[in-house]
Amino acid sequence: MIVLDDESDYASVNTREEEDPTVINESIRKILDSFAASSYVAFTATPFANIFIDHENDNDLFPRDFIYALETPTNYFGSERTFGTADGRTSDVVVAIDDAEEIFPFKHKSSLDVYELPFSLRRALIAFFIANSIRDLRKDRKPRSMLVNVSRFKNVQKQVFDLVENEILDLKNAVELYAEAYGRGRENSVIDEFRSVFREIFGGCPENWESVLMALPSAVRDIRPRLYNSDRNKSIALGEQAREAPNRMVAVGGDVLSRGVTLDGLTISYFFRKAGASDTMLQMARWFGYRPGYDDLCRVWMDESVADDFVFVASSVAELRSDLREMMARNYTPQDFGLAVRKHPGSLLVTARNKMRSAEERPRQISLAGRNIEITRLIDDQDVSAQNYEAFISLLSDIRSCGAVEEQTRRRNPIWRGIPQKVIAEFLDKYQAHSSQMAFTGGSMSRFVGSTRSRRLRSWDVTVIGGRGAEETHGGVTFRTAERAMEQRESYLRISGRSSRLAGKDDLSNLFASSDDEPANATSEDAYYAHIPRPALLVYPLRRKSKSGGDLASSIDVAIKVAFPGSSIEFNDEEDVTYVVNSVAIRSWFANFEDPSLAGDDYDDLES
């Protein structure tokens, strides 16, 4: 007998005492026990609950023989493309929601009355209309859909559906009546909104506004809303979906949309929900998948704090996948190799508490080797900008006091080599970062840099990366500022650009004394870290300008990037991060990891 269990983390995990297991868990065990030879193969996109099953219980469903993680295909539209990464790489897919909390709060009851839609949802609907027009211009006739998920309660979903249905009707009528005349020069406020959304959301697409406008009437004619929250909809999720779903659909729903349902051609998502656990969040992420020919049109309207949670969860999954690859490379089984999942610093659980009964929370050391951490968001406050600039000037003074000799990089930026870690730590302690830049907040980075005993991290290189701005001279150091477009958000300035990166591999080339030292044919930034001679602090004095251009701000903002050499197995830091560990880890390797006698004076010498 072979049992194949899809969505195996959902209902198959025992959430009760071993003497009285849940019905599905007990039934699977009975089926397996009914045969002389039987195998159980579990499938899931979120294996957290499965690895936290007690491995010492021989009768339970712990994956004791193997865990195989499928590699992500290059054409997969996943979390990194949607949200960016924890090391600062961001994305233009997420559009911030800042006007929905009063209409449907994150915490609400089924009795909530919804009388109107937030303006952000109207703009998301308009974006879906425009995306349909663009896909028609591209001769793409495949199904396309939009997701609206703002509540787990059917009563609330029905109210939102009714309002969305009316909004769609109004927008379709406006397009039908006024789009053609608007193209001939006749003014209309609704079509003005369409043009505004096109320029803001799809400004980087090759299609022009005039072509999109002309294609709109036929593109939006067949758009239909659909409510997914009844027993009938559940039957659709089990097989009738493809036959009954409209070809151009706005799907309104909640938890029914979280597992199993595939929204064909999902292009625009409006997601105003919070989840209590990491696996639930990932299952709600219906925007992941394959988007051939229209990946540049995909957008997710979402609260920024929830987007940050997704970045955290994605990085936790990436760490787990890395552990699984290491386990396979060493020819270990899950029964021999302890697994851990990083715990969110807030209230987000890894999985439901009753699925983590045999797990424990423990601190575990992480490595910063081979990583860069950079500032991509600046606090929108002139006083903070001034304080950060003063910290920068103080850093230049401290560098000169060390007797370091200023050199010039090949790009004519000043650089100093062999700066003591204490100088770097003092600067990082003074520097104020936005709360979303977690690596730099709370003093964790400055404490790590100042206290680490690793030989690799005792001396640093510092360079000031300038641009074409005006020259500034402080403490005998001359540098140029760089002009960067800034996108103003509610509490911060986002360093703009398609990827919103502060820097890339070209800036890292400043750290090498000659071109012979650089990695040959390096195509990515990651390839540079094994070759840089020391950890490096890159400082960017920036003058802000709006995305559309315009006058530069008078003050100078300071953004920073920290680059660590080597690979992730060469040394470990002393900054504890809490992980949830499974029963194998508790029993075996984790106890050794915490043994202080293993650390010694230099983590460079530690091999484990």
Side-chain angles (χ1 to χ4, degrees), residues 95 97 99-100 103-104 114-137 140-151 154-180 182 188-198 200-202 212-230 232-233 236 241 244-254 256-257 261 263-272 286-287 294 297-302:
V95 182
I97 298 176
D99 62 349
I103 297 176
F104 19 74
V114 182
Y115 299 104
E116 61 179 341
L117 298 179
F119 184 64
S120 56
L121 180 47
R122 175 182 171 89
R123 289 179 71 81
L125 288 166
I126 291 173
F128 181 59
F129 277 41
I130 294 171
N132 274 272
S133 179
I134 294 175
R135 291 184 66 177
D136 281 358
L137 290 172
D140 177 2
R141 301 300 177 186
K142 294 180 180 179
R144 64 284 304 258
S145 60
M146 174 178 175
L147 166 69
V148 179
N149 188 341
V150 298
S151 176
K154 294 181 181 180
N155 176 53
V156 178
Q157 294 165 14
K158 180 61 169 66
Q159 295 176 75
V160 172
F161 172 81
D162 291 340
L163 292 169
V164 166
E165 187 174 38
N166 291 334
E167 193 74 55
I168 289 174
L169 182 60
D170 290 344
L171 292 174
K172 288 170 69 172
N173 287 339
V175 169
E176 182 178 352
L177 294 173
Y178 305 117
E180 185 177 347
Y182 192 90
N188 181 267
S189 60
V190 178
I191 309 302
D192 280 342
E193 287 185 70
F194 276 78
R195 184 176 62 178
S196 172
V197 171
F198 172 79
E200 178 184 342
I201 304 301
F202 302 116
V212 170
L213 178 64
M214 291 301 98
L216 264 175
S218 60
V220 307
R221 188 174 298 123
D222 293 330
I223 292 177
R224 300 285 186 272
R226 186 64 174 273
L227 180 61
Y228 278 82
N229 71 357
S230 66
R232 174 176 173 272
N233 293 136
I236 292 173
Q241 173 191 342
E244 299 204 13
N247 198 53
R248 304 183 183 201
M249 174 179 65
V250 178
V252 180
V256 169
L257 294 173
V261 174
L263 295 175
D264 215 356
L266 182 61
T267 309
I268 303 296
S269 300
Y270 191 91
F271 183 83
F272 198 73
R286 311 314 296 174
W287 38 88
Y294 65 97
L297 305 180
C298 295
R299 297 293 185 272
V300 180
W301 266 257
M302 178 178 288

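Note that the coordinates shown come from a computational prediction; the quantities given were computed from them, not determined experimentally.
G265 and R135 get closest at one heavy-atom pair: O-NH1, 3.4 Å. Here the closest heavy-atom approach between residue V150 and residue F104 is recorded as CG1-CE1, 3.8 Å. For the pair A251 and L263, the tightest heavy-atom approach, listed with the atom from each and the gap, is CB-CD2, 3.9 Å. Minimum heavy-atom separation, Q159 to V114: OE1-N, 2.8 Å. Contact detail for R286 and L266: the closest heavy-atom pair is O-CD2, 3.2 Å. Here the closest heavy-atom approach between residue A127 and residue F202 is recorded as O-CE1, 3.5 Å.
The CG atom of L147 sits 11.5 Å away from the OG1 atom of T267 when rounded to the nearest 0.5 Å. Of the inter-residue distances, the one linking S269 atom OG with W287 atom CH2 reads 6.0 Å to the nearest 0.5 angstrom. In this structure, the separation between CG on L227 and NZ on K154 is 9.5 Å, given to the nearest 0.5 Å. To the nearest 0.5 Å, the span separating CZ on R299 from CZ on F128 amounts to 14.5 Å. With rounding to the nearest 0.5 angstrom, the CE atom of M249 is 12.0 Å from the CD1 atom of I223. In this structure, N247 CG and R141 CZ are separated by 10.5 Å, a value rounded to the nearest 0.5 Å.
At a threshold of 4.5 Å between non-hydrogen side-chain atoms, the residues Y294 and I134 do not count as touching. At least one side-chain heavy atom of W301 sits less than 4.5 Å from a side-chain heavy atom of S120. Side-chain contact between Y182 and D192: present, with at least one pair of heavy atoms (C-beta onward) separated by less than 4.5 Å. The side-chain heavy atoms of S133 and F198, taken from C-beta on, include no pair separated by under 4.5 Å. Looking only at side-chain heavy atoms (C-beta outward), E165 and I168 stay at 4.5 Å or farther from each other. Side chains of L121 and V164 form a contact here, defined as non-hydrogen atoms less than 4.5 Å apart.
In this structure, D136 pairs ionically with R248, as a charged nitrogen and a carboxylate oxygen lie closer than 4.0 Å.
Using a distance-only test at 3.5 Å, with no hydrogens or angles considered, no donor-acceptor pair links the side chain of N188 to the main chain of Y178. Checked by atom type and distance alone, the side chain of S145 pairs as donor or acceptor with a backbone atom of D264 at under 3.5 Å.
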Check the pair F271 / I97 against side-chain contact (heavy atoms from CB on, under 4.5 Å), numbers first and verdict last. CA-CA 9 Å; F271 183 83; I97 298 176; over 6 Å; no
With side-chain contact (heavy atoms from CB on, under 4.5 Å) as the test, would you mind laying out the steps for F129 and K172 before giving the verdict? CA-CA 9 Å; F129 277 41; K172 288 170 69 172; 3.6 Å; yes
Quick one: do F194 and L171 satisfy side-chain contact (heavy atoms from CB on, under 4.5 Å)? Show the steps, please. CA-CA 10 Å; F194 276 78; L171 292 174; 4.0 Å; yes
Is there a side-chain contact (heavy atoms from CB on, under 4.5 Å) between L117 and I103? Walk through the geometry before answering. CA-CA 7 Å; L117 298 179; I103 297 176; 6.0 Å; no
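For A179, the side chain to side chain contact (heavy atoms under 4.5 Å, CB included) partners two or more places apart in sequence, or in a different chain, are V175, L213, P217. Residues that satisfy the salt bridge (charged side-chain N to carboxylate O under 4.0 Å, His left out) test with D222, not counting sequence neighbours, are absent from this structure.
Of the candidates V156, D162, V160, K158 forms a side-chain contact (heavy atoms from CB on, under 4.5 Å) with just one, namely D162.
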